[in-house]
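First the structure, in the form of structure tokens, and then the observations on it.
We use all heavy atoms of the structure for the numbers below, so side chains are in, but hydrogens, waters and symmetry mates are not. Lettering follows sequence order; numbering is per chain, from 1.
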There are 2 protein chains.
Amino acid sequence: MTSSQSLRHQLAQELRSLIRSGKLAPGDKLPSEPELAHERAVSRSSMRAAITMLEEEGFVSRRHGSGTYVTHRPALPNDLSRNFGVSSLIASTGLEPGTAEETCELVLAPPFVAEALEVPEGAEVTSLRRVRTADGRRFVDTTDWCRADHLSPEKLSGMGDGSVYAALAARGLVVHHGVATITPGNADAETALRLGVARGALLLTIDQVDMTAEGVPVLVSREHHLADAFSFTVVRHGPGVGPEVDR
Amino acid sequence: MTSSQSLRHQLAQELRSLIRSGKLAPGDKLPSEPELAHERAVSRSSMRAAITMLEEEGFVSRRHGSGTYVTHRPALPNDLSRNFGVSSLIASTGLEPGTAEETCELVLAPPFVAEALEVPEGAEVTSLRRVRTADGRRFVDTTDWCRADHLSPEKLSGMGDGSVYAALAARGLVVHHGVATITPGNADAETALRLGVARGALLLTIDQVDMTAEGVPVLVSREHHLADAFSFTVVRHGPGVGPEVDR
DNA sequence: ACGCTCCAGGTTGTCGGACAACTAGCGCGG
DNA sequence: CCGCGCTAGTTGTCCGACAACCTGGAGCGT
């Protein structure tokens with residue numbers, strides 16, 4: 001089960017790898033669609049569908065009658081709209097990930113968590129709080145909440161630097177997308193203590209609600225990042241091409 | 001010239017409008033592809049291509065053998081990956097936009113600007129600095145830099161609350177995408193003065209480089225947002241569907 | 001020698017039809 | 001009542017064809 005996705009997803013994946021690995025450099029012209037399709041023994045339709053996905057993501061740009069070209073796009077250190085989870089965040093930097101101060105318990109859902117998870121106020125939810133480290137240095141304080149009937153504290157605890165997404169997926173809850181809200185802030189007494197910094201230290205807080213494709217919210221998380229630990233980047237699509245003009 | 005885009009882009013645009021207007025609510029099942037295609041007198045191929053774009057953007061989710069469904073996606077106040085420019089940011093909140101402290105001049109490019117715009121260090125570039133207001137309250141201090149041969153200070157000055165993107169597009173420089181970096185920070189003396197807040201006030205800084213589809217960088221901007229003015233959101237695509245698994 | 005037009009090849013865009021793979025719900029039989 | 005299989009409906013993939021468009025060069029006239 002190397003990949004149970006549909007064909008065009010696999011093809012898109014391969015093209016993305018080619019671009020990221022540098023085999024297809026920015027500005028390069030891709031082989032023609034029939035050629036790409038023939039090389040891989042797939043139909044042009046599937047190849048076109050894959051390229052359409054890449055185009056929508058901004059990796060390539062098509063020019064009618066001319067060809068398809070790789071977009072100039074810098075290597076993003078931390079693409080907010082793509083990367084998921086602190087684990088992959090650390091992994092992408094090459095640092096050694098670790099975990100400290102892990103607590104997993106049943107707690108009363110804070111109001112904003114209850115609302116996001118669509119459970120009654122005051123209901124008990126599973127909470128996982130961790131301090132994540134890179135090369136031993138503490139740099140982010142995370143708290144995850146999910147419904148107790150989705151994932152019990154026993155199932156969730158002791159996962160170390162594993163991803164909560166994997167634990168959820170094992171229960172059939174595949175996260176499809178999430179909405180993150182980004183705000184700057186200063187460390188309160190507790191967070192400062194956990195991160196080992198002075199109170200009032202500069203933080204970047206990311207609040208996120210993750211849901212399945214059906215729109216069922218399954219995970220709420222709040223991450224306090226040290227300001228100088230990472231810088232986050234986002235690719236923004238221009239007004240001309242993207243879904244704008246209206247509203 | 002309502003839209004000179006390719007057919008599938010128009011179709012995708014129409015579907016997006018249907019979803020945003022609420023005619024297609026989250027969870028709804030779309031009509032089948034042949035049906036949608038027949039209604040609009042287009043081929044199923046084009047309709048499929050349009051839906052593929054929507055799928056990649058996360059608006060809909062396809063299920064083989066079942067149908068295509070509208071994703072449960074909340075209305076985003078400020079979608080970082082879509083919205084462009086402070087103007088549209090204010091407009092989306094319903095507040096009255098305004099501009100103060102506008103300065104437009106030729107300056108020596110700061111190192112990071114020179115590098116991003118690919119001009120020699122020490123070259124002169126056009127700089128536009130503005131304090132943007134909403135309902136009269138100052139809330140963001142922006143500086144834009146672009147190549148002097150792309151847009152002269154005369155062309156750029158006196159645009160009030162207009163968008164720099166429009167001015168660039170009028171010169172044939174259509175911004176295709178941009179890369180934004182987000183960092184928290186504290187206001188230095190000058191920024192604090194311009195924004196009318198105490199020195200050290202909490203800020204969210206967005207550094208951005210905008211480029212054309214050919215990868216030519218045309219605009220560099222730095223925006224200092226007051227922390228309590230806006231909260232920014234990003235839609236993140238899940239690990240299961242998105243381009244992950246490798247790296 | 002220079003510039004212009006025209007043309008031919010290559011590439012993407014759209015079309016139509018066909019079949020495979022899969023889902024979900026219904027009805028039948030146990 | 002439960003479970004099984006069947007069937008209609010839907011998405012996934014394939015094939016072939018033609019239109020629209022871009023690019024570069026050949027050929028012509030000046």
Side-chain angles (χ1 to χ4, degrees), chain A residues 1-15 19 24 27-71 172 174 176 212-214 241, chain B residues 1-15 18-19 24 27-71 172 174 176 212-214 240-241:
Chain A
M1 58 154 73
T2 53
S3 56
S4 57
Q5 297 252 335
S6 59
L7 180 53
R8 62 170 189 275
H9 287 282
Q10 302 177 33
L11 293 172
Q13 184 75 25
E14 182 189 347
L15 288 181
I19 293 178
L24 285 175
D28 279 5
K29 179 177 165 183
L30 267 68
S32 71
E33 295 175 354
E35 191 173 340
L36 281 172
H38 188 261
E39 287 174 1
R40 289 156 184 77
V42 299
S43 73
R44 191 190 154 202
S45 321
S46 299
M47 204 64 235
R48 259 188 80 74
I51 298 178
T52 300
M53 296 174 61
L54 273 280
E55 183 192 23
E56 197 52 37
E57 295 167 24
F59 280 105
V60 299
S61 170
R62 285 209 257 228
R63 268 186 279 173
H64 188 179
S66 171
T68 307
Y69 302 82
V70 179
T71 306
V174 180
H176 176 262
T212 67
E214 292 79 33
V241 283
Chain B
M1 58 152 74
T2 53
S3 56
S4 56
Q5 298 254 333
S6 60
L7 180 54
R8 62 168 189 276
H9 287 283
Q10 301 177 33
L11 293 172
Q13 185 75 24
E14 182 189 349
L15 288 181
L18 283 178
I19 292 177
L24 287 174
D28 279 5
K29 179 177 167 185
L30 266 68
S32 71
E33 294 175 354
E35 190 174 339
L36 281 172
H38 185 74
E39 287 174 0
R40 290 156 182 76
V42 298
S43 73
R44 190 191 156 203
S45 321
S46 301
M47 204 64 235
R48 258 188 81 74
I51 297 178
T52 299
M53 296 174 62
L54 273 280
E55 183 192 23
E56 196 53 35
E57 295 167 24
F59 281 105
V60 299
S61 169
R62 284 207 257 229
R63 268 188 282 174
H64 188 180
S66 171
T68 307
Y69 301 83
V70 178
T71 305
V174 180
H176 177 262
T212 67
E214 293 78 33
V241 283

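One finds no side-chain N or O of B:T68 lying less than 4.0 angstrom from the OP1 or OP2 phosphate oxygen of D:dT10.
Considering only heavy atoms from C-beta on, A:L15 stays 4.5 Å or farther from A:V60 through its side chain.
In this structure, A:R8 reaches the sugar-phosphate backbone alone: every heavy-atom distance under 4.0 Å involves primed, P, OP1 or OP2 atoms, never a base. Contact annotation for B:S46: backbone-only contact, meaning every heavy-atom pair under 4.0 Å involves sugar-phosphate atoms and none involves a base.
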Does B:V42 form a side-chain contact (heavy atoms from CB on, under 4.5 Å) with B:R8? I'd like the steps, not just the answer.
CA-CA 10 Å; B:V42 298; B:R8 62 168 189 276; over 6 Å; no
Let me see the working for A:E39 and A:L36 under side-chain contact (heavy atoms from CB on, under 4.5 Å), right down to the final yes or no.
CA-CA 5 Å; A:E39 287 174 1; A:L36 281 172; 4.1 Å; yes
B:E35 and B:L30: side-chain contact (heavy atoms from CB on, under 4.5 Å), yes or no, with the steps?
CA-CA 10 Å; B:E35 190 174 339; B:L30 266 68; over 6 Å; no
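Judged purely by atom type and a 3.5 angstrom limit, A:T71 uses its side chain to pair as donor or acceptor with the backbone of A:G58.
In this structure, CD of A:E33 is placed 17 Å from P of D:dG16, rounded to the nearest angstrom. Spacing between atom NZ of A:K29 and atom P of C:dG10 amounts to 11 Å, rounded to whole angstrom units. Protein atom NE2 of A:H38 is 11 Å distant from nucleotide atom P of D:dG16, rounded to whole Å. Look at CG on A:L30: it is 18 Å from P on C:dG10, rounded to the nearest Å. In this structure, B:H9 atom NE2 and C:dG13 atom P are separated by 7 Å, rounded to whole Å. The distance between atom NE2 of B:H64 and atom C1' of D:dG9, rounded to the nearest whole Å, is 12 Å. Rounding to whole angstrom units, CG of residue A:L36 and P of C:dG10 are separated by 16 Å. The CZ-P distance, from B:R48 to D:dT10, rounds to 14 Å in whole Å.
The base of C:dG13 does not come close enough to the side chain of A:R63 for any donor and acceptor atom to sit less than 3.5 Å apart. Remark: the A:R44 side chain and the C:dG13 base include a donor-acceptor N/O pair separated by less than 3.5 Å.
Across the interface with DNA chain C, nearest-nucleotide mapping of B:S66 and A:E35 shows A:E35 to be the residue nearer the 5′ end. Projected onto DNA chain D by closest heavy-atom contact, A:M47 and B:G65 fall at different nucleotides, the more 5' of which corresponds to B:G65.
Residue B:S43 has its side chain nearest to C:dC15 when only D:dT11, C:dC15, C:dT12 are considered.
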